[in-house]
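See below for the structure under consideration.
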Protein chains: 2
Amino acid sequence: MCAKKVTIREVAKRAGVSIATVSQILNGKAMKFDPLTVQKVQAARDELGYEADHLARQMVGKQSKTIGILVPEITNSFFSTLVKGIEEELLHSGYISMLCNGGFNGAKEEKALLELAQRGVDGFIIASPSISDEVLKEILQIKKRPVIVLDQKTTVERSDEVATDDFNGGLLAAQYLKKMGHTKVAVVVPDLATVNIMHRLQGFLVEFPQALQLKTELSKNGGQAVVAELLDQKIEAVFALSDELAFGIYLGMRQNDKSVPDDLSVIGYDDVEMCRYVTPALTTVAQPIYELGKQAADLMVKRLADPTSPYVKRILPVELAIRGSVKVKI
Amino acid sequence: MCAKKVTIREVAKRAGVSIATVSQILNGKAMKFDPLTVQKVQAARDELGYEADHLARQMVGKQSKTIGILVPEITNSFFSTLVKGIEEELLHSGYISMLCNGGFNGAKEEKALLELAQRGVDGFIIASPSISDEVLKEILQIKKRPVIVLDQKTTVERSDEVATDDFNGGLLAAQYLKKMGHTKVAVVVPDLATVNIMHRLQGFLVEFPQALQLKTELSKNGGQAVVAELLDQKIEAVFALSDELAFGIYLGMRQNDKSVPDDLSVIGYDDVEMCRYVTPALTTVAQPIYELGKQAADLMVKRLADPTSPYVKRILPVELAIRGSVKVKI
DNA sequence: CTGAAAGCGCTAACAC
DNA sequence: GTGTTAGCGCTTTCAG
């Protein structure tokens, strides 16, 4: 099942041709050869189960069939789902993922990216807000390898893009809250706001222009930290720009002996798996996270296959997942 | 910051020696050279910021400084935390991670492993119950690369090991339940029981030899599925062999309009981050998951540095994290 | 002590 | 059409 290591030379010998011929034929240039030779080579390849060594191939400047992935926090359900989507699609296309966890730390991310670049990855999929534009540009320009960024501070020119319809997501959340009769609403926004998150906010503000905006860290802790203020201000309903934030709010409420949704309605964003398992189940704006990862990977593979094709941008739809964390105001 | 790509040749030229000399000196054989030459070479290396190309080096049969990681489901909090620990420790030591998601699918895992092997990883860290022993042996024997398995069906001979004190964890859970006055208890065990999970069970059974054992899938769904039976049997307290299972039970209880812990006490295993955020917060046996990953990575790095050192086994302690899901029986 | 030379497995010009 | 040759960047005998 897993022979020692069959080289191109053996295939050549077996087929009675030179290694160059084998290389050519096996790399798409088959039509320039005598059909008979092609036959022999392919037969030999199959019989020996030969597969080109990615590493050797890479040394001569070809693809390594490896993609570098950078996420800030794999531990976060959003990112792990994303990575899963990327990884599965990539593996399916014969690529493999090199994963790095940036930890929301610019320096570490840069190091990771460099390490990845040095490893000769064919492209990067970067989903991390704290990576600086300059570093990104450097990678992109100097290394000339395609990059796809997700969840980024700014958009990189000259790259493909996948995103979800963030503006609409924010709008959906607002409309729902309004429909449920809420007027005194707040929105909790992260310090480190990425463009996509800003879009959500903008969508939300269309319906609630003067919603109270609470800044905090984009994490469970951040959500927890904001509860006191929410309670002080007698807010009725809060829009958490991520489910993580919402989970933190849940905890904060419980610590204050208050109930969701009786004392405060909360609506989240992302639709992470745990939404269904917290009590009450979290009403949230569902993004197709896994799909987002798959699409990013797909775009990357396509780009690598045809580097000159025009850049594309794909927007994935979002929808409201109504569960139990928003009550109708009587 | 990221020079074009400085090769060994440039360093050699700069130092006024041959590339062979540079290679030797930079690879530990410095003492066999004239101190002056060593000086010059190191100076040149530093000035140019030279670093050997991992790929080229690998081609000549050296290390690739890359470790393959296989997990069944990165989306699962346990595994993502584990991966984070591995990844961080590895990056710290100059290694990089190639991640594959097995999806609890033997065939896919095998493919991933092969792909990883072909990529020339220096070693494998495998945390996946469904990988077969034969495949594992093959990797280990044919490729002769070190493997560390976690959460495995069986233990591989001739490898280092890290594990947590599963037996004690089960015992701890049982003792706590007993202390809280429960007698009619159940334990929900996964179909696909790995050795470590069996140890937990054994520890638990020491205190509750005739606990009701419910078999199900090791997942949230599995937990949910088992609730009806739990209720039918009028169980007072249940030990879920993983937090995932416990979360499923929470949902199942809610769907039956029953309360945790009033109608059923539940204790989990793992201490995943969400334990604190569900309602009630989940009492569980805490394993140092992140640390487990770090240790596995550390062991791997050490093994690679000194392949002949004796195999070691590290056992990490577990402890009870008491929260709100177990009530004292009056 | 140090350097020349032979590859590792593969691809790409350029001859034949 | 197909083989020859020259590397990619590095390590490693093996002479000198």
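The sequence lines fix the lettering, A, B, ..., with proteins before strands; numbering per chain opens at 1.
The side chain to side chain donor-acceptor pair (under 3.5 Å) search around A:N196 returns A:D151, A:T194, not counting sequence neighbours. For A:Q58, there are no side chain to side chain donor-acceptor pair (under 3.5 Å) partners, not counting sequence neighbours. Among residues two or more places apart in sequence or in another chain, the side chain to side chain donor-acceptor pair (under 3.5 Å) test is passed with A:Q39 by none.
Following rounding to the nearest Å, A:F33 (CZ) and C:dC16 (P) show an atom-to-atom distance of 18 Å. Rounded to an integer number of Å, the gap from A:K40 NZ to D:dG3 P is 8 Å. The CE-P distance, from B:M59 to D:dC10, rounds to 13 Å in whole Å. A:R45 has its CZ atom 17 Å from the C1' atom of C:dG9, to the nearest Å. At whole-Å resolution of the value, CG in A:L48 and P in C:dG9 are 14 Å apart.
Although no hydrogens or angles enter the test, the distance criterion places no donor-acceptor pair under 3.5 Å between the side chain of A:T37 and the main chain of A:P35.
For the residue pair B:S80 and B:S77, no side-chain donor N or O sits within less than 3.5 Å of a side-chain acceptor on the partner.
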Side chains of residues 43-51 of chain A: which donor-acceptor pairs under 3.5 Å do they make with residues two or more places apart or in other chains?
from  : atom 1 : to    : atom 2 : distance (Å)
A:E47 : OE1    : A:R14 : NH1    : 3.2
A:E47 : OE1    : A:R14 : NH2    : 2.6

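Counting only residues at least two apart or on different chains, the side chain to side chain donor-acceptor pair (under 3.5 Å) pairs with a member in residues 92-105 of chain A are A:Q63-A:Y95. Pairs of residues two or more places apart, or lying in two chains, that qualify as salt bridge (charged side-chain N to carboxylate O under 4.0 Å, His left out) and include a residue from residues 299-310 of chain A are A:D160-A:R303, A:D298-A:K302. For residues 28-38 of chain A, no pair satisfies salt bridge (charged side-chain N to carboxylate O under 4.0 Å, His left out), with sequence neighbours left out. Pairs passing the salt bridge (charged side-chain N to carboxylate O under 4.0 Å, His left out) check and including a residue from residues 75-104 of chain B, sequence neighbours excluded, read A:E73-B:K84, A:K108-B:E87, A:K108-B:E88, B:E89-B:K294. Counting only residues at least two apart or on different chains, no salt bridge (charged side-chain N to carboxylate O under 4.0 Å, His left out) pair has a member in residues 92-104 of chain A.
Interface residues of residues 51-58 of chain A facing DNA chain C, ordered by number: A:A52, A:D53, A:A56, A:R57; criterion, heavy-atom separation under 4.0 Å. Of all the residues in residues 7-32 of chain A, A:T7, A:I8, A:R9, A:I19, A:A20, A:S23, A:N27 reach under 4.0 Å from DNA chain C with at least one non-hydrogen atom.
The end-to-end axis angle of the helix from C:dC1-D:dG16 to C:dC16-D:dG1, rounded to 10 degrees and based on five pairs per end, is 50°.
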